[in-house]
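Below is one structure, written out as structure tokens, with a few remarks after it.
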Amino acid sequence: MNKNIDDLKILIDSKTLNDRIKSLADEINAIYPKDETITIICVLKGAVMFFTSLAKYLKMPVKMEFISLSSYGNSTKSNGKVKSINLALPSFEGERVLVVEDIIDTGLTLTFLMNFISQNCKAKDVKLAVLFDKKCARKYDIKPDFCAFEIDDKFIAGFGLDYCGLYRNLDYIGYFEE
Ligand code: IMP
Ligand code: MG
């Protein structure tokens, strides 16, 4: 079925998103030492809005890295494969790393990425922050350290998340009614 923006119903409005991201940043600020640098890694493209919003509220010294990964293509269901586009990262030896991702669905993408980072980057600590957790869709055993919202197994778009490349620019989260 072809979907368009008229079929997109609001699930989470802009203010609710921003308030929750701010309180999630407070949770993160409480866990990390105040004066130790962390590197936050943005998993493009879906995490872009969450990443920049979250970063503004972090109080410790912060460095930023960006990587590209994808698994969905133009479908609304995970296809079971991770397509890596750009995984170039520095070494992070002895440093703290926080991976920032839009959503965990089956868990395939983040299982792949977290393993890749632990094996290649020698960080002293690697944690994971996600905007959404679709817990009920999980096929791989992975849990985020920080999560803004748990959601049902429905396809959502907006605030970085896309449907066929569209809707990433929206300041709210919508869903398509079946
Ligand atoms: P996983 O590998 O099955 O956990 O899928 C994770 C990736 O699929 C995420 O990084 C998103 O880019 C994408 N994804 C999963 N669910 C949705 C959704 O509801 N809307 C948009 N993209 C999604
Ligand atoms: Mg993603």
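Atom set for the values below is all heavy atoms of this structure, side chains included, hydrogens, waters and symmetry mates excluded. Numbering starts at 1 and runs along the sequence shown. Both ligands and their constituent atoms are indexed starting at 1 by order of listing.
- Contact annotation: for L161 versus ligand 1, heavy atoms closer than 4.0 Å belong to the side chain alone.
- At a heavy-atom cutoff of 4.0 Å, ligand 1 is contacted by the side chain of E101 but not by its backbone.
- Using a 4.5 Å heavy-atom threshold, the side chains of I31 and D145 count as separate.
- For G107, a nitrogen or oxygen atom sits less than 3.5 Å from a nitrogen or oxygen atom of ligand 1, counting backbone and side chain alike.
- With a 4.0 Å cut-off on non-hydrogen atoms, D102 touches ligand 1 through its side chain and not its backbone.
- Contacts of R168 classified as side-chain contact (heavy atoms from CB on, under 4.5 Å), with partners at least two apart in sequence or in another chain: K45, D162.
- Counting non-hydrogen atoms of other residues, nucleotides and ligands closer than 6.0 Å to CG of N4 gives a total above 12.
- To the nearest 0.5 angstrom, E95 atom CD is 7.5 Å from T37 atom OG1.
- Counting heavy atoms from C-beta outward, I173 and F159 have side chains that approach closer than 4.5 Å.
- Legend: residues meeting side-chain contact (heavy atoms from CB on, under 4.5 Å) with T52, ordered by chain and number and at least two apart, are absent.
- Put simply, part of K154 is less than 4.0 Å from ligand 1, judged by heavy atoms.
- Distances below 4.0 Å separate heavy atoms of T109 from the following atoms of ligand 1: 1 (P), 2 (O), 5 (O), 6 (C), 7 (C).
- Close contacts between ligand 1 and D162 involve ligand atoms 21 (C) [criterion: under 4.0 Å to a heavy atom].
- Remark: distances from the non-hydrogen atoms of K134 to ligand 1 include one below 4.0 Å.
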